[in-house]
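Here is the structure we will look at.
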Amino acid sequence: GGDDFLVVVDEAVAELLASSLIEAFEARVAAWVGVEPESARPSMTLSIAVVSARASGARNSEDMARFLSVAKLASRKREGSNYVVWTPGS
């Protein structure tokens, strides 16, 4: 489940933006799901995939979609909110 969004930014700020989004999300998530004990709360996390178009060697949007999908799956396999920076060969 969940929703997917695409944000295109300069690669120089991508990791800082991902980190800032996770920090802001984590600061607000408890208010969104209630204040029950954590074990009773629905799980809500943020998974971010970061792929550099330049470093990836993507030739087209299909390549980028494939690379982003791999990175997104890697991020979702980790526990809690996080981001993954995909690089060729990873």
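All values below were derived from every heavy atom in this structure, side-chain atoms included, with hydrogens, water molecules and symmetry-related copies excluded. Only a predicted model underlies this, so the values are computations on that prediction, with no experimental measurement involved.
Two different hydrophobic clusters hold Val51 and Leu73 under the rule that ILVMFWY side chains link at heavy-atom gaps under 4.5 Å.
In terms of the salt bridge (Lys or Arg N to Asp or Glu O under 4.0 Å) criterion, Arg28 has no residue partners (sequence neighbours excluded). Residues that satisfy the side chain to side chain donor-acceptor pair (under 3.5 Å) test with Ser56, not counting sequence neighbours, are absent from this structure.
Closest approach of Val50 to Ala18, counting heavy atoms only: CG2-CB, 4.2 Å. Counting all heavy atoms, side chain and backbone alike, Tyr83 lies closest to Arg78 at O-NH1, 3.3 Å. Nearest approach of Ala71 to Val84, heavy atoms of both residues: O-CB, 3.9 Å. When every heavy atom of Met64 is checked against every heavy atom of Ala53, the shortest pair comes out as SD-CA, 3.8 Å.
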Query raised in the report: Checking salt bridge (charged side-chain N to carboxylate O under 4.0 Å, His left out) for the pair Arg76/Asp4: CA distance, chi angles, key distance, verdict?
Result: CA-CA 12 Å; Arg76 286 189 175 156; Asp4 293 332; 3.0 Å; yes
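Listed for the Ser20 side chain is a donor-acceptor partner under 3.5 Å among the backbone atoms of Leu16. Without hydrogens or angle criteria, Ser81 side chain to Leu46 main chain gives a donor-acceptor distance under 3.5 Å. Asn82 contributes a side-chain N or O that, together with a main-chain N or O of Gly80, makes up a donor-acceptor pair within less than 3.5 Å.
Taken to the nearest 0.5 Å, the CZ atom of Phe25 stands 9.5 Å off from the CD1 atom of Ile48. Residue Glu26 holds its CD atom at 10.5 Å from CE of Met44, rounded to the nearest 0.5 Å. In this structure, OG on Ser75 lies 7.0 Å from CD1 on Ile22, to the nearest 0.5 angstrom. Atom CZ in Phe5 sits 11.5 Å away from atom CG in Leu21 (nearest 0.5 Å).
The pair Asp10-Arg54 fails the salt-bridge criterion, with no side-chain N (NZ, NE, NH1 or NH2) lying under 4.0 Å from an Asp/Glu carboxylate O.
Atom CD of Glu23 is surrounded by 12 or fewer heavy atoms from other residues, nucleotides or ligands within 6.0 Å.
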